[in-house]
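On a predicted model such as this, the values are computed, not experimentally measured, just so you know. Note that the numbering runs from 1 along the sequence shown for the chain.
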Amino acid sequence: MKTTRKLSLFAVSDIIGLAIGTVMSPITTRLLTPAQYGAIPVVSAIWVMFAVFQFGTMDYSFPFFSSHSSKWGKGNVHLTSTRLSVIGASITWRMFGGWLIISGYGTQRAGLQAVEVVVYIVSLLPLILNGWQLYIMRYELMAVEFTKLTILGRVLPPIMSIPPILLVSQEDRLLVQLGFGCVANWIAYAWGARLLKGNRNDKESCVIDRRLAKEMLRYGLLLVPGGVIYSSFTAVDRFLLSSFRTAPEMAIFVLASSIGGIALIFKSWFSRVFDPLLVRWVAEKQPEQLKMKLQGTLNVLALGMSLIALMSLLWSKYIVRLLYPSEYQDAAFVIPVVVMAGVLSSLSLVFIAAPLIAQKAKYHIPVYTIGLIVNAIFGLVLIPPHGVAGAAWGTLFGEGAILFAWIFIGRYVLKNVSLRMGIAATMVTVSILCVLISSIAPITMSLKYTAILTLAVILIAVPLFFHIIRQNSWLQAIASSVRKKESKTSLH
């Protein structure tokens, strides 16, 4: 299958997966109380801290060693990282499960029953292993297998859990959801293992390359502290929110993040496609071509993500009002901030190319430390008076600090990613100002004027998109290739 079709399948799988989540969330918020709906995210906020080690640091090492696979061998990198990730998953899962039971955090802080904590822990292991399966499929461009496994993982849990939930009392519904979700997770993991086994080259060695394993572990451990710090973003927001506010407000924050995730599907798709491509671009060792590709990627990404942020600002209140109970209506004011934070996070993915090109991991820790400090400070200041909105703004400011740090390192420290920022900076600044003004002084518009304003934004964005393409020869080549394929298709 050609690369463009594979990349399209990654996008389709994300769209279908998030569409399933969109359909299910209004049902779930009606079947569970706000306290039940917000309980698992309270526990998951701590799991995020442990999850940095869930793949034995292989998720940090794999892109770097894949970009230099000629030295170690592609099969060796794949197999060695997979074995080490399984070992890491087992150790991390045991540590987290033991801590959760001994500390009583799940029952005391999140309000879960003891049996619900146990079922949650059991369901977590297949979820971790399934995550590594999807990770490998993404970097190996196994788009068909990735799509099948993603859809199964999204469809199976609600199909199995919702019918029995309707048959039990309110206090038992979360337990039933967790139990059937656990079974679904194990089924998805087993199927993922079968898909990967069918794609494996039996001629490749199945023995871990010990020298490679040592190098990958060493490199991954250098990046882990930065990963721990960055993962603390979610933990800090949710910990502060649970400390200063109530569980129902946590449920609103989780819902806003979930809906914001739907709007940010473009970011998710971009990450799945861009990360493997960046590894290949760096391996080609053509600096001028790499710079041109990064510049085109930055401008298109900034336009697309800014457009999504503005659409969320215009339409989030209608979506929440249509789909969710009255207890969750405040989520509409938080969604645009969540999406805007995702915009800044997306742009950072481009500038992280700087340490990858230089093969230097030491910058991750200071960059993510700066972001975490900024996030925590704004969270402490804004969450007590503003609740959910304060948590979202803290995340946005933290992501902004990380983006500026990566730009500075690429331009002035490593001097290997120096891109023109005019178009991207203008679009992002306009979007942030619109979200900020709306948060300070919300403007109520009728559906008619919202539709008119939406059309106006699109009419501005379309010619700007074509202008960006004309300014970049790499984007022009892609557009020309697409037109030729469409022409051939019409002739047939």
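- Here the CD1-CZ distance, from Ile402 to Phe397, works out to 14.0 Å after rounding to the nearest 0.5 Å.
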| query | side chain to side chain contact (heavy atoms under 4.5 Å, CB included) between Met142 and Leu196: does it pass, once the steps are laid out? | reply | CA-CA 9 Å; Met142 296 170 59; Leu196 282 173; 3.9 Å; yes

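- Rounded to the nearest 0.5 angstrom, Gln295 CD and Ile468 CD1 are separated by 9.5 Å.
- Surrounding OH of Tyr189 are at most 12 heavy atoms belonging to other residues, nucleotides or ligands under 6.0 Å away.
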| task | Report the C-alpha separation of Trp93 and Ile121 in whole Å, then their side-chain angles, then the decisive distance to 0.1 Å, and conclude whether the side chain to side chain contact (heavy atoms under 4.5 Å, CB included) test is met. | result | CA-CA 8 Å; Trp93 174 72; Ile121 293 171; 3.7 Å; yes

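- Using a 3.5 Å distance cut-off with no hydrogens or angles, the side chains of Thr150 and Arg154 do not pair a donor with an acceptor.
- Classification of the Phe62-Trp132 ring pair by plane angle, with boundaries at 30° and 60°, yields perpendicular.
- Annotation: the span from Glu399 atom CD to Ser348 atom OG amounts to 6.0 Å, rounded to 0.5 Å.
- Under a 4.0 Å N-O distance rule, the pair Lys148/Glu145 does not qualify as a salt bridge.
- Remark: Thr28 OG1 to Leu174 CG distance equals 11.0 Å, nearest 0.5 Å.
- Relative orientation of the Phe50 and Trp99 rings is tilted, given thresholds of 30° and 60° on the angle between their planes.
- Other residues, nucleotides and ligands contribute over 12 non-hydrogen atoms within 6.0 Å of the OH atom of Tyr105.
- The number of heavy atoms from other shown groups lying within 6.0 Å of CZ (Phe465) does not exceed 12.
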| message | Pair Leu290, Gln286 - check side chain to side chain contact (heavy atoms under 4.5 Å, CB included), show working. | response | CA-CA 6 Å; Leu290 177 60; Gln286 297 180 3; 6.0 Å; no

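- With sequence neighbours left out, Arg411 forms a salt bridge (Lys or Arg N to Asp or Glu O under 4.0 Å) with no residue at all.
- The distance between the ring centers of Phe378 and Trp393 does not fall below 6.0 angstrom.
- Classified by interplanar angle (parallel below 30°, tilted 30° to 60°, perpendicular above 60°), the ring pair Tyr368/Trp406 is perpendicular.
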| field | Verdict with reasoning, Glu116 to Ile40, per side chain to side chain contact (heavy atoms under 4.5 Å, CB included) | value | CA-CA 10 Å; Glu116 291 172 340; Ile40 296 301; over 6 Å; no

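- Here the straight-line distance linking atom CG of Leu100 with atom CG of Leu124 works out to 9.5 Å at 0.5 Å rounding.
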